[in-house]
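Reading through the structure tokens given below for one structure.
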Amino acid sequence: MSGFNSVVPISSSSRARVEMEMRESMQRTTQASSQARPLNTSKAYDPKIAEFREWCDYEFHYQPLEQRYIVTGEKAHYFLDDAEEYLDIKEKQLKIKKVKKVPCRRIRFATLNQYGAALIHLWKQQSLMNINSNPHPRQAFTGLFEMAMLEEEQIRKDNYVNRGIGTIMDGYTTTDQIASLVSFYFSKNNTDGY
């Protein structure tokens with residue numbers, strides 16, 4: 001009897017071979033899925049993932065490479081929380097190298113969200129390759145995202161940012177102006193193209 005139903009004694013070398021083939025199969029699938037993703041996704045995520053790895057080299061230089069780039073919730077939170085300070089350090093290094101000064105920037109919610117999405121993407125890749133068994137990192141930094149959203153909302157309130165900009169009421173503040181606008185369009189002949 002041959003095929004999958006036959007019982008064959010398993011040696012340690014055949015077990016190792018099967019495990020190696022399984023890992024290679026997972027790596028091929030992960031590689032194919034990363035190559036199949038949209039170009040804009042790669043353009044958005046790859047620089048952020050590279051920046052995360054550079055930050056890991058800076059902060060976790062004492063860890064072996066196998067563990068240094070593994071995404072955990074705590075590490076992702078620390079990276080996102082530390083991002084502004086890290087950008088300031090990079091700016092100082094550029095000043096030392098006498099490269100054109102990079103202006104200091106405030107990281108906003110949209111940027112934090114993109115970094116978070118890139119880290120989750122990296123975590124998914126690592127999970128597919130069975131090198132990351134940590135839980136999903138999103139819950140670890142949701143509080144950080146909420147704080148960033150609240151800070152932005154407070155800044156908008158403090159600066160009296162008009163939420164009505166770009167709406168139908170923008171520029172037409174009195175009822176007389178609205179009435180004259182409506183009468184203008186109702187008085188036009190339909191053949192004029194209005």
Side-chain angles (χ1 to χ4, degrees), residues 22-156 158-159 161 165-166:
M22 285 191 310
R23 282 194 184 131
E24 288 173 354
S25 173
M26 290 295 291
Q27 287 177 346
R28 282 193 305 271
T29 302
T30 304
Q31 185 70 22
S33 70
S34 70
Q35 289 174 350
R37 71 182 179 195
L39 181 62
N40 286 339
T41 303
S42 296
K43 285 181 181 179
Y45 289 172
D46 290 347
K48 291 168 181 56
I49 290 171
E51 191 170 338
F52 172 73
R53 288 186 171 137
E54 183 181 325
W55 176 83
C56 287
D57 288 336
Y58 179 78
E59 288 290 334
F60 299 101
H61 56 87
Y62 55 88
Q63 285 185 339
L65 285 176
E66 301 86 35
Q67 296 174 349
R68 189 178 300 173
Y69 305 124
I70 298 295
V71 178
T72 64
E74 295 82 13
K75 193 182 285 186
H77 181 277
Y78 184 42
F79 171 69
L80 294 172
D81 190 38
D82 193 43
E84 281 185 61
E85 187 177 322
Y86 180 66
L87 287 174
D88 289 341
I89 290 169
K90 283 178 67 175
E91 180 183 338
K92 289 174 187 169
Q93 289 173 349
L94 290 174
K95 284 180 188 176
I96 291 169
K97 293 179 183 177
K98 299 187 186 206
V99 178
K100 183 179 177 184
K101 181 183 175 193
V102 178
C104 185
R105 58 187 170 149
R106 175 86 178 137
I107 294 181
R108 301 183 66 182
F109 171 73
T111 306
L112 278 177
N113 198 23
Q114 287 178 350
Y115 274 94
L119 291 177
I120 289 171
H121 180 74
L122 180 60
W123 174 84
K124 285 179 183 178
Q125 285 180 329
Q126 291 173 349
S127 295
L128 283 174
M129 292 189 301
N130 288 331
I131 59 173
N132 192 342
S133 60
N134 294 300
H136 199 283
R138 184 74 174 191
Q139 286 184 328
F141 51 81
T142 52
L144 187 65
F145 282 11
E146 288 173 5
M147 282 183 9
M149 283 177 32
L150 290 173
E151 283 177 12
E152 282 187 32
E153 184 62 30
Q154 188 61 45
I155 290 170
R156 277 191 228 112
D158 292 345
N159 293 334
V161 174
I165 294 174

- request: Would you check if R156 and E153 make a side-chain contact, meaning some heavy-atom pair closer than 4.5 Å?
  value: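 Result yes, sub-4.5 Å side-chain heavy-atom pair found.
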message: Could you tell me if the side chain of Q125 sits less than 4.5 Å from the side chain of L128, heavy atoms only?
response: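 Contact flag for L128/Q125 side chains = no.
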- request: Quick one: list whatever passes side-chain contact (heavy atoms from CB on, under 4.5 Å) with D158, sequence neighbours left out.
  value: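 For D158 the side-chain contact (heavy atoms from CB on, under 4.5 Å) partners, ignoring immediate neighbours, are Q154.
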What distance do [X] atom [atom1] and [Y] atom [atom2] have between them, rounded to the nearest 0.5 Å?
X    : Y    : atom1 : atom2 : value
H77  : T142 : NE2   : OG1   : 8.5 Å
F145 : L150 : CZ    : CG    : 13.5 Å
D81  : M147 : CG    : CE    : 6.5 Å
F109 : Q114 : CZ    : CD    : 10.5 Å
H136 : K124 : NE2   : NZ    : 5.5 Å
L122 : D46  : CG    : CG    : 10.0 Å

Counting N and O atoms only, with roles assigned by atom type, does the side chain of [X] sit under 3.5 Å from a partner on the main chain of [Y], one being a donor and the other an acceptor?
X    : Y    : result
Q126 : Y69  : yes
N132 : V71  : yes
W123 : N134 : yes
N159 : I155 : yes

message: Name the residue from T72, I120, L119 that meets the side-chain contact (heavy atoms from CB on, under 4.5 Å) definition with P137.
response: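 Only match with P137 under side-chain contact (heavy atoms from CB on, under 4.5 Å): I120.
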task: Could you tell me whether K48 and E51 have a side-chain N and a carboxylate O separated by less than 4.0 Å?
output: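 No salt bridge links K48 with E51.
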message: Within a 6.0 Å radius of atom CD on Q139, are there more than 12 heavy atoms belonging to other residues, nucleotides or ligands?
response: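 No, the 6.0 Å shell around CD holds no more than 12 heavy atoms from other groups.
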query: Does the separation of the ring centres of F79 and Y115 fall below 6.0 angstrom?
result: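 Ring-ring flag for F79/Y115: true, centres closer than 6.0 Å.
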- request: Search all heavy atoms of C56 against all heavy atoms of R68 and return the closest pair with its distance.
  value: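 In terms of heavy atoms, the two residues are closest at SG-O, 3.5 Å.
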task: Please name the pair of heavy atoms, one in E59 and one in Y62, separated by the smallest distance, quoted to 0.1 Å.
output: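 Where E59 meets Y62 most closely, the heavy atoms are O-CE2, 3.6 Å.
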- request: Give the ring-plane orientation class for F60 versus W55, where under 30° counts as parallel, over 60° as perpendicular and anything between as tilted.
  value: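 Ring orientation, 0 to 90° scale: perpendicular.
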